[in-house]
Amino acid sequence: MLRAVQPWPRTEEEALAVQDALRSRVVHEDGPRAPTTVAGLDVAYSADDRRLAAAVVVLNTADLSIADTAVVRGVPAFPYVPGLFAFREVPALMDALDRLTVRPDVLICDGHGLAHPRRFGLAAHLGVLTDLPSFGVGKTRLVGDWEPVGEQRGARSPLIDSGETVGAVLRTQSGVKPVFVSAGHRIGLERACGLTLRLAPRYRLPETTRVADRACRDSLS
DNA sequence: GCGACAG
DNA sequence: ATCTTGTCGC
C-alpha cells in the first residue's frame, strides 16, 4: 500500500515542533485484550554511519515462534541527537512495518517510550504513527532516577523523572543488569513489564529485540 | 562553567 | 550504534 511521506524535519527546531504536535495523540490507557502477536523493532548501522538496516519481526506470543519478518535498508533520516532519536530511525522502521503481512498486536522498540525529556520517545512516536499499542525496552537510561533494584528476576523499581513515574527499571534475569521499560501508546506500564518478562525467559533482552537485532545486522553485512 | 545524553 | 580478545565465572 502506498503511503504518503510527510515532510521530514531537517532541523532540531522542526523536530521539536513535530514532537510537540504528536505528543498530545498518545493514549495512556491499556488496550482491552492481551496480544497474540508481538513485534520487535531494531536498527543496525554501517561502520561509517551512512547506511542502516531496519528490521521488524513478529512473534507469536504463545510460543515465541516467528510469524513474519521484514527488513529494509536505508539511510539515517536525522543526526543522532539525544531526545530526537526517533527522527533518525522512524522512516526506515515505518517502511519495514509497511511490508509486514501479519499485523502485530503490539510494538516493542529498542529505546524509550514515555521515559523521555518530553515524554515522547521512539516507542511513543511509532505508536502514534501506527496507532498500535507500543512500548520501549531500553538498555540504558535517557532520563530519570531509581532506587536499587532487587537482584531477582522480576524485581523492579520505578523510574522517576521530575517527580513523575515515567517507566520501570526491570530485572529480567537474576544478577544481570536491568532494562528500562516505559509505556508508549495504548498500553500501561504494568502490561509492558509483564510482557517484557514473558519475552525474556532466558536472556536480558526480550526475544523480540534479539531476533530483530539479528535480522537487521545480517542484512547490513 | 560542568556533567548527562535512548541508538 | 560501531570499533574489538580474551577472560572470569557458573
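A straight line from NE2 of A/His116 to C1' of B/dA4 spans 14 Å, rounded to a whole angstrom. Atom CZ in A/Phe85 sits roughly 3 Å away from atom C1' in B/dG7 (whole-Å rounding). Atom pair A/Leu93:CG and B/dA6:P shows a separation of 17 Å (rounding to whole Å applied). Look at CZ on A/Arg88: it is 12 Å from P on C/dA1, rounded to the nearest Å. Rounded to whole angstrom, the span from the NZ atom of A/Lys177 across to the C1' atom of B/dA6 amounts to 13 Å. Regarding A/Phe120, its CZ atom lies at a distance of 18 Å from the P atom of B/dA6, rounded to whole Å. Separating the CZ atom of A/Phe135 from the P atom of B/dA6 is a distance of 20 Å, rounded to the nearest angstrom. Atom CZ of A/Arg51 and atom P of C/dA1 are 17 Å apart (whole Å).
Stacking annotation: A/Tyr45 is not stacked on the base of B/dG7 (requires ring centroids less than 5.5 angstrom apart and an interplanar angle below 30 degrees).
Contact check on A/Asp110 versus A/Lys139 returns no salt bridge, with no Lys/Arg side-chain nitrogen under 4.0 Å from an Asp/Glu carboxylate oxygen. A salt bridge links A/Arg217 with A/Asp213; the closest basic N to acidic carboxylate O contact falls under 4.0 Å.
At a threshold of 4.0 angstrom between heavy atoms, the contacts of A/Arg217 are confined to the sugar-phosphate backbone, with no base atom among them. Counting any heavy atom pair closer than 4.0 Å across all strands shown, A/Gly83 reaches a base atom. Note on A/Leu41: nothing from the nucleic acid sits closer than 4.0 angstrom, heavy atoms only. If you check every strand for non-hydrogen atoms under 4.0 Å, A/Ala115 touches nothing.
At the phosphate of B/dC5, OP1 or OP2 sits under 4.0 Å from a side-chain N or O atom of A/Arg141. Contact between the side-chain N/O atoms of A/Lys139 and the OP1/OP2 oxygens of B/dG7 is found at a separation under 4.0 Å. OP1 and OP2 of B/dC5 both lie 4.0 Å or more from every side-chain N or O belonging to A/Thr140.
Atom CG of A/Leu59 is separated from atom CZ of A/Arg210 by 11.5 Å, given to the nearest 0.5 angstrom.
In the displayed structure, A/Arg118 atom CZ is contacted under 6.0 Å by more than 12 heavy atoms of other residues, nucleotides or ligands.
When every heavy atom of A/Pro178 is checked against every heavy atom of A/Arg171, the shortest pair comes out as CD-NH1, 3.5 Å.
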